[in-house]
Each structure stands twice: as C-alpha cells, then as structure tokens.
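What follows is a single structure, written as structure tokens, with notes after it.
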Amino acid sequence: MATVFNGLSFLQQRNSMPKLTGPGPDADELEQMLLCALRSPDHARLRPWRFVSFQGQRRHAFGELLRDSLLRRDPEADQTAQDRALNAPLRAPLLIAVIASFTEHPKVPAWEQRMSAGCAAFSLTLAAEALDYGAIWRTGAFAEDSQLLRDIGGADNEEFVGFVYIGRRDCQPKPVPTLATDDFHRAW
Ligand SMILES: Cc1cc2nc3c(=O)[nH]c(=O)nc-3n(C[C@H](O)[C@H](O)[C@H](O)COP(=O)(O)O)c2cc1C
C-alpha cells in the first residue's frame, strides 16, 4: 500500500478529481480510509456518521435506486437523464455514501453533528489522496432524498452529507487555485 502523505504540502495541494477509473482501493485500503474518517472531530463522541460503500456490480444496483429517485422527483425525466442517473455510480470504482446520524444531546446540536459527518467525508478524500487515489465529494439532488437514504438502509434520524467517489485519476489534475490568506483571514 503506497502512501504519499507529505504533511503541509499534501494538504495545501489537495485536489478533487472528477474523472476516476479502476482499479479502485482494495478491502485493506478501504478499511484504512474508514479508520481515518472515524478520527473526525466529534463533540461528546456521538459518532454521528455512517458509511455505505458501493463497488463492482453493486454500483449498478445503486444506479437503479438513483434512477428511481430521479423519477420520484421528476416523473417526466427523459431517457438521457435516466441513463445519467443509472450510470452516476460508475464514475468511480468506489463510491462511499457518507451519512450524518443524529443523536439527541443537550450540548451537541444537529448542526455540530452534521459538521462532524462532513469532516468524515473530507477525511475520506484526504485518506484517498494519501493512498495515491483521486477523490471527489459530490451531492446533488440525490443527497436530499430521504427515500433513497432509506433504500440503502438509512434511518429517520439520518441524512446524506454526500457521496465520495474514489479511484485512479483518469485525467490531468486541474491547477490548484492560488488564494491569498489575507483575503480570508485577519488577525484581531
Ligand atoms: C458539500 C459539498 C457538495 C459538493 N457537491 C458537488 C457535486 O454535486 N458535484 C460536483 O461536481 N462537485 C461538488 N462539490 C465540489 C467538489 O467536491 C470539489 O470541491 C470541486 O470540484 C472543486 O475542486 P477542489 O475541491 O479540488 O477545489 C461539493 C463539495 C462539497 C463540500
């Protein structure tokens, strides 16, 4: 398992990759990435995250659920749109649905738990890059569909925070934008 982790430069150069191909991570690499996600900041240790991964042929079954979701949202969706939904999970060899799983807590409101699950999603992208894969976090209308969430085993106290696509990079990485910290930060 080759790692390319190199501290600050690694973080500063992180770059989402929309075009991904196989081979994807093996079971050990998936386990390593999930272990990284499980170290996300987590107020009161509520563990407000769940992960559902799709690989191989199971991506087709998930694509059918995406098409169902599309047709619930838009019963008139044409064949092109339906095919796009069917094929969406095939854009990477590994797709991980990241789910925020909420617990009632007097000191930890839902937004904190959602943020924590978001950190887990981001951590998955970082872990993927550390293993020399490309990754991208996507949402879209599917991420708003509570029926889709239930279709993959989600519960009423849960919601999607996104879908992390992971695989081998299949195009040149885009240039990383150069941003000036002064535009976003001031010392008080
Ligand atoms: C919550 C969230 C949802 C996103 N949803 C999508 C999406 O549905 N489709 C997409 O192309 N990019 C989406 N993005 C953006 C990409 O993950 C990525 O940030 C973007 O392609 C820019 O690349 P960069 O992160 O390397 O700058 C989303 C990002 C976040 C944080």
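The analysis underlying the following values was restricted to heavy atoms, covering all of them including side chains, and did not include hydrogens, waters or symmetry mates. As the structure lists them, so they are numbered: ligands from 1, and atoms in each ligand from 1.
Between Ser101 and Asn157, the closest side-chain pair of non-hydrogen atoms falls below 4.5 Å. Between Arg114 and Glu159, the closest side-chain pair of non-hydrogen atoms falls below 4.5 Å.
The 4.0 Å heavy-atom shell around ligand 1 contains residues Arg14, Asn15, Ser16, Ile136, Trp137, Arg138, Thr139, Gly140, Lys174, ordered by chain and number.
Through direct or relayed side-chain contacts under 4.5 Å between Ile, Leu, Val, Met, Phe, Trp and Tyr, Leu71 connects to no other residue. When hydrophobic side chains of Ile, Leu, Val, Met, Phe, Trp and Tyr are connected at separations under 4.5 Å, Phe184 ends up clustered with Leu179. Hydrophobic side-chain contacts under 4.5 Å tie Leu65 into a cluster, directly or through other members, with Met17, Leu20, Val52, Phe54, Phe62, Leu66, Leu70, Leu95, Ile99, Ile136, Phe142, Leu148, Leu149, Ile152, Phe160, Phe163, Tyr165.
For the pair Gln147 (side chain) and Ser69 (backbone), a donor-acceptor distance under 3.5 Å is absent.
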